[in-house]
Amino acid sequence: MDKLAGKVVVITGANQGIGKGIAKACAAEGASLAICARNAARLEQTAGELTTAGAEVLAQQVDVTSESAVQQFFDAIVRRFGRVDILVNNAGAFDGGRIDEVTLAAWNNVVGACLTGTFLCSRRAFGLMKDSGGGRILNIGSISAQRPREESGPYAAAKFGVWGLTQATALDGRPFGIAASCLNPGNVRVERRQKSGDESDDEPMMSTETIAQAALAMLTLPASVNMLEAIVLPVEQLYLGRG
C-alpha cells in the first residue's frame with residue numbers, strides 16, 4: 001500500500017477512463033497527485049473522489065495542446081509539491097475516417113492531444129526531474145501504434161509518434177536517471193466505448209482497473225530498471241494480423 005509513498009505523480013486526461021484508473025491506483029499506493037483534463041466538471045468530481053479516499057490532490061483544467069496552459073499547470077505543481085517524480089501522459093483524442101475524408105481539424109485535434117500534449121508535458125517534467133535526481137515518464141500509447149485499424153489515420157499516426165517520442169525521451173533521460181516507457185493498451189471499456197455504438201465496441205474489452213494495474217507495475221519498478229514497452233490486451237482481441 002505504500003509503493004509510491006512520498007512520490008508526486010502527474011496524470012493528464014485523468015478525469016475519466018484510463019487516466020482516472022491510474023490515478024486511483026497511484027493514490028492507493030500513497031502518491032500525491034496532480035491531475036488535469038479539459039472537462040472541468042468531470043475533473044472536479046474525480047478530484048473529490050480521490051480526496052475522499054485520502055489522497056492529496058491538485059486538480060486543474062488544462063488543454064495539453066496549449067504551451068501556456070501546460071506551463072501554468074506545472075508551475076502550480078511546483079508551488080504545491082515542489083517536485084515531480086512521475087508523469088503519466090494519458091490525455092488524448094480519437095477521430096478518424098478514410099484518409100481522403102479526414103479533415104485537417106480532426107487531424108490537428110488528435111495529433112495535438114495525443115502527441116503535442118505528450119511532448120509539452122514531457123518537456124517540462126523532464127526539466128524538473130533532471131534537476132531533482134530523476135523520475136519516470138509513462139506514455140499511454142495504443143496497439144494502433146503497431147497495427148492500425150482501417151480509417152484511423154490521425155490516431156495511428158499520433159500513437160506511432162508517441163512511441164518514437166518515448167524512445168527519444170528514454171535516450172535523453174539516461175544520463176539523468178529519467179526512465180521513459182510506453183504502455184500500449186488494447187480494447188479498454190472506457191466511457192467513450194460504452195456508448196459510441198461503434199461495431200468495434202462489441203469486441204473483448206478490459207476494465208480500466210486492469211490497465212491501471214499494468215501501469216502501476218511499470219511505475220513501481222526499481223529506479224535502475226525500465227520496462228520500455230508493454231502491450232496489454234484481452235486474450236481474445238484481434239491483434240496479430242488484424243485487418
Side-chain angles (χ1 to χ4, degrees), residues 2-14 18-19 22-23 25-26 29-36 62 64-65 67 70-71 73-75 77-78 81-92 111-147 156-185 211-233:
D2 59 354
K3 292 179 180 178
L4 295 174
K7 301 289 187 183
V8 177
V9 180
V10 180
I11 307 171
T12 69
I18 292 173
I22 295 174
C26 290
E29 293 295 339
S32 297
L33 299 173
I35 61 174
C36 72
V62 177
V64 296
T65 69
E67 185 175 21
V70 169
Q71 183 76 16
F73 179 47
F74 277 88
D75 286 348
I77 295 168
V78 171
F81 298 113
R83 60 186 293 118
V84 171
D85 299 293
I86 293 170
L87 167 66
V88 179
N89 284 306
N90 170 74
V111 173
C114 294
L115 184 55
T116 303
T118 295
F119 159 68
L120 290 173
C121 292
S122 295
R123 182 177 64 176
R124 184 67 197 278
F126 190 105
L128 295 171
M129 292 174 182
K130 176 174 63 69
D131 294 338
S132 62
R136 288 188 182 275
I137 297 173
L138 175 61
N139 297 326
I140 305 302
S142 169
I143 61 173
S144 293
Q146 300 185 20
R147 291 173 175 82
K159 293 301 186 178
F160 266 87
V162 167
W163 173 224
L165 180 60
T166 300
Q167 296 173 77
T169 305
L171 287 170
D172 288 347
R174 285 194 305 200
F176 306 105
I178 301 171
S181 54
C182 190
L183 173 57
N184 293 318
I211 203 68
Q213 287 304 309
L216 190 64
M218 299 174 78
L219 295 174
T220 55
L221 290 168
S224 59
V225 177
N226 186 27
M227 189 186 301
L228 179 63
E229 180 187 24
I231 298 170
V232 181
L233 71 166

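Just so you know, these numbers come straight off a predicted model, no measurement behind them.
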* To do: Evaluate the side-chain contact (heavy atoms from CB on, under 4.5 Å) criterion for residues Leu87 and Phe74: first the C-alpha distance (whole Å), next the side-chain angles of each, then the deciding distance (0.1 Å), finally the verdict.
  => CA-CA 11 Å; Leu87 167 66; Phe74 277 88; 4.3 Å; yes

* Asked: Between Val84 and Arg124, does a side-chain contact (heavy atoms from CB on, under 4.5 Å) hold up when you go through it step by step?
  -> CA-CA 10 Å; Val84 171; Arg124 184 67 197 278; over 6 Å; no

* To do: Apply side-chain contact (heavy atoms from CB on, under 4.5 Å) to Ile77 and Leu128, showing your working.
  => CA-CA 11 Å; Ile77 295 168; Leu128 295 171; 5.9 Å; no

* Can Thr166 and Asn139 be said to form a side chain to side chain donor-acceptor pair (under 3.5 Å), step by step? -> CA-CA 7 Å; Thr166 300; Asn139 297 326; 2.8 Å; yes

* To do: Decide yes or no on side-chain contact (heavy atoms from CB on, under 4.5 Å) for Val64 and Leu120, but give the supporting numbers first.
  => CA-CA 7 Å; Val64 296; Leu120 290 173; over 6 Å; no

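Counting heavy atoms from C-beta on, the side chains of Ile140 and Ile211 never come closer than 4.5 Å. By the 4.5 Å heavy-atom criterion applied to side chains, Thr12 and Val62 are not counted as neighbours.
Counting only distance, with no hydrogens or angles, the side chain of Arg136 and the backbone of Ser181 share no donor-acceptor pair below 3.5 Å. The closest donor-acceptor contact from the side chain of Asp85 to the backbone of Val8 lies under 3.5 Å.
Here Cys182 contributes atom SG and Ile137 contributes atom CD1; the two are 12.0 Å apart, rounded to the nearest 0.5 Å. In this structure, the separation between CG on Leu115 and CH2 on Trp163 is 14.5 Å, given to the nearest 0.5 Å. Atoms CD1 and CG, from Ile22 and Leu138 in turn, are 6.0 Å apart once rounded to the nearest 0.5 Å. Atoms CG and CD, from Asp2 and Glu29 in turn, are 7.0 Å apart once rounded to the nearest 0.5 Å. Residue Thr169 holds its OG1 atom at 12.0 Å from CZ of Arg123, rounded to the nearest 0.5 Å. Distance CG/Leu183 to CE/Met227: 9.0 Å, rounded to 0.5 Å.
In terms of heavy atoms, Val162 sits closest to Cys114 at CG2-O, 3.4 Å. Between Ser142 and Lys159 the shortest heavy-atom distance is CB-CG, 3.8 Å. The minimum heavy-atom distance between Phe81 and Ser32, with the atom names listed, is CE2-CB, 3.7 Å. Residues Ala91 and Gly13 approach most closely at CB-N, 3.8 Å, considering heavy atoms. Nearest heavy atoms, Gln213 versus Ala25: NE2-CB, 4.1 Å. In this structure, Pro175 and Leu171 approach most closely via the heavy-atom pair CD-O, 3.8 Å.
With Ser122 as the fixed residue, the side chain to side chain contact (heavy atoms under 4.5 Å, CB included) test singles out one of Asn89, Ile178, Asp172, Val70: Asn89.
Under a cut-off of 6.0 angstrom, the local environment of CD in Glu67 is sparse, with at most 12 non-hydrogen atoms contributed by other residues, nucleotides or ligands.
Annotation: side-chain hydrogen bond (donor to acceptor under 3.5 Å, both in side chains) contacts involving residues 217-230, sequence neighbours excluded, comprise Gln146-Glu229, Asn184-Glu229.
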